[in-house]
Peer 1: 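I'd like to ask some things about the structure below.
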Amino acid sequence: MLSNLLPTILVVNCNTDEQVTAGIARTAQAAARTSVVRAVQPTWGPTSAEGYLESYLSAAAVIERVAQERTYDAVVLAGFGEHGREGVRQLANVPVVDITEAAVFTACLLGHRFGVVTTLESTLAGITDTIELIGLSGRSAGVRASGIPVSHAGAAAEGEDPGLDALERESRVLLDAGADVIVLGCAAFGGLDRRLSERLGGVPVVDGVGQAVRLAETLLAAGLSTSKHGPFAPPRAKVWTERTLPLPAKISRPGV
């Protein structure tokens, strides 16, 4: 019997930067209480997704990466505002939690309006689209760019300035615009939530990676998973040209 083993949460970085994946792994494992985290990244695609084109390409790479995996009990998609979550939910037979949704849903439990502080200006439209798509644009006070590229976000997360200064500056603009909760809009900013909150005088700051892991654990404990009665039902079998997408059998373990 394997019932005494902890479930595995597959945390998927949306880009191919190994240092970013390592940072995401640290944040995710620190948040885990009833699970084991395994962090992976796509085998191809951009080293950072910072705009529509890279986001769509990374979505395909992430879906393929998840399809290649066989041992996991839940999936966390660690790309803020990135495309592909619906595809992974149609593919996988386990709970799939997107860090964008996890962060903003949590923020709505903590305040009246949230603001997102992210990386570059090229990401703003995609994040704004995602917030609108999930029906929470009315609770958003805006999305601001810190000017920190994804490749440098890890340094900010380790406390190096001017990264944290830039996040504080843009967060204060969002607070002036009506936000009372700040959301970190990049998976690589994980670990900054408490330090940024202290700088903002105790204003709640939400990290999506940690919250996504906690929500995945909650869904696993409740025995809940993505509905397959509707648009997330598995796709019909058909011929693929050149590339195939292996559809996983139901992934489960006895007693879990």
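Only heavy atoms go into these numbers, but all of them, side chains included; no hydrogens, no water, no symmetry mates.
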Peer 1: Do L215 and L224 sit in one hydrophobic cluster, given that two such residues count as connected whenever their side-chain heavy atoms are within less than 4.5 Å of each other, even indirectly?
Peer 2: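 Both belong to a single hydrophobic cluster.
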
Peer 1: Using 4.0 Å as the upper bound for N to carboxylate O, is an ion pair formed by E101 and R89?
Peer 2: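 Salt bridge between R89 and E101, a charged N being under 4.0 Å from a carboxylate O: yes.
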
Peer 1: Between E198 and R194, does any side-chain N to carboxylate O distance fall below 4.0 Å?
Peer 2: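 Looking at E198 and R194, the cut-off is not met.
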
Peer 1: Ignoring hydrogens and angles, tell me if any N or O in the side chain of R38 forms a donor-acceptor pair with the backbone of I9 under 3.5 Å.
Peer 2: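 The answer is no, because no donor-acceptor pair under 3.5 Å joins these two groups.
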
Peer 1: So, are R199 and D165 salt-bridged, with charged N and O less than 4.0 Å apart?
Peer 2: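 Result for this pair is yes, salt bridge flagged.
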
Peer 1: Has T118 got a side-chain atom pairing as donor or acceptor with G185's backbone, closer than 3.5 angstrom?
Peer 2: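 Side chain of T118 to backbone of G185: a pair is present.
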
Peer 1: Considering the options V183, V205, L184, which one meets the side chain to side chain contact (heavy atoms under 4.5 Å, CB included) requirement together with V117?
Peer 2: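 Single side chain to side chain contact (heavy atoms under 4.5 Å, CB included) partner of V117 among V183, V205, L184: L184.
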
Peer 1: Where do N15 and N13 land on the side chain to side chain donor-acceptor pair (under 3.5 Å) test, with the steps shown first?
Peer 2: CA-CA 6 Å; N15 64 54; N13 179 16; 2.8 Å; yes

Peer 1: Measure from the side-chain N and O atoms of Q29 to the backbone N and O of V37, and report whether any donor-acceptor pair falls under 3.5 Å.
Peer 2: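 Such a contact is found between Q29 side chain and V37 backbone.
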
Peer 1: Check whether S171 reaches the backbone of L167 with its side chain - one donor and one acceptor, N or O, closer than 3.5 Å.
Peer 2: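 Flag set: sc S171 to bb L167 pair under 3.5 Å.
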
Peer 1: If you apply the rule side chain to side chain donor-acceptor pair (under 3.5 Å), what do you find for Q41 with T21, and how did you get there?
Peer 2: CA-CA 7 Å; Q41 64 190 46; T21 302; 2.6 Å; yes

Peer 1: Please walk me through it: do T106 and Q211 pass side chain to side chain donor-acceptor pair (under 3.5 Å)?
Peer 2: CA-CA 8 Å; T106 299; Q211 287 307 112; 3.3 Å; yes

